[in-house]
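Scroll down for the structure; my scribbles are underneath it.
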Amino acid sequence: MVWFARLGRVQFEEGSLIHLVAGGTSVFRIIELGVDGDPTKALVQAVGDGPGTYPWTTDLTYAVPAEQP
């Protein structure tokens, strides 16, 4: 099953690459949408190697699509 989150004019799906805010430099992959039944919350994980690449829950209100790495 594929979930979609529509926030403003942006639509995300599981697997989308995002920045948490416009102009952000870190890239995250959406692992799960609608955490706890809230369509604005997602489980994300940083893309790339390094510390802090564990999954965590965040708000997608200001998220924007990221370019492919």
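For this chain, numbers begin at 1 and follow the sequence in order.
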Is there side-chain contact between [X] and [Y], with at least one heavy-atom pair below 4.5 Å?
X: L33; Y: L60; value: yes
X: V44; Y: R29; value: no
X: V27; Y: H19; value: yes
X: I30; Y: E13; value: no

For the [atom1] atom of [X] and the [atom2] atom of [Y], what is their distance to the nearest 0.5 Å?
X: Y54; Y: L43; atom1: OH; atom2: CG; value: 12.0 Å
X: F28; Y: L17; atom1: CZ; atom2: CG; value: 11.5 Å
X: T58; Y: I18; atom1: OG1; atom2: CD1; value: 7.0 Å

Over all heavy atoms of both residues, which pair between I31 and P55 is shortest? Give the atoms and the distance, please. CD1-CB, 3.8 Å

So which atom in G37 and which in P39 form the shortest heavy-atom distance, rounded to 0.1 Å?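 Heavy-atom minimum between the residues: O-CD, 3.5 Å.
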
Treating Ile, Leu, Val, Met, Phe, Trp and Tyr as nodes and any side-chain heavy-atom pair under 4.5 angstrom as an edge, say whether W56 and F12 lie in one connected cluster.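 W56 clusters together with F12.
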
Distance-only, no hydrogens or angles: does the E14 side chain make a donor-acceptor pair with backbone N or O of E32 under 3.5 Å?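 It does not hold such a pair.
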
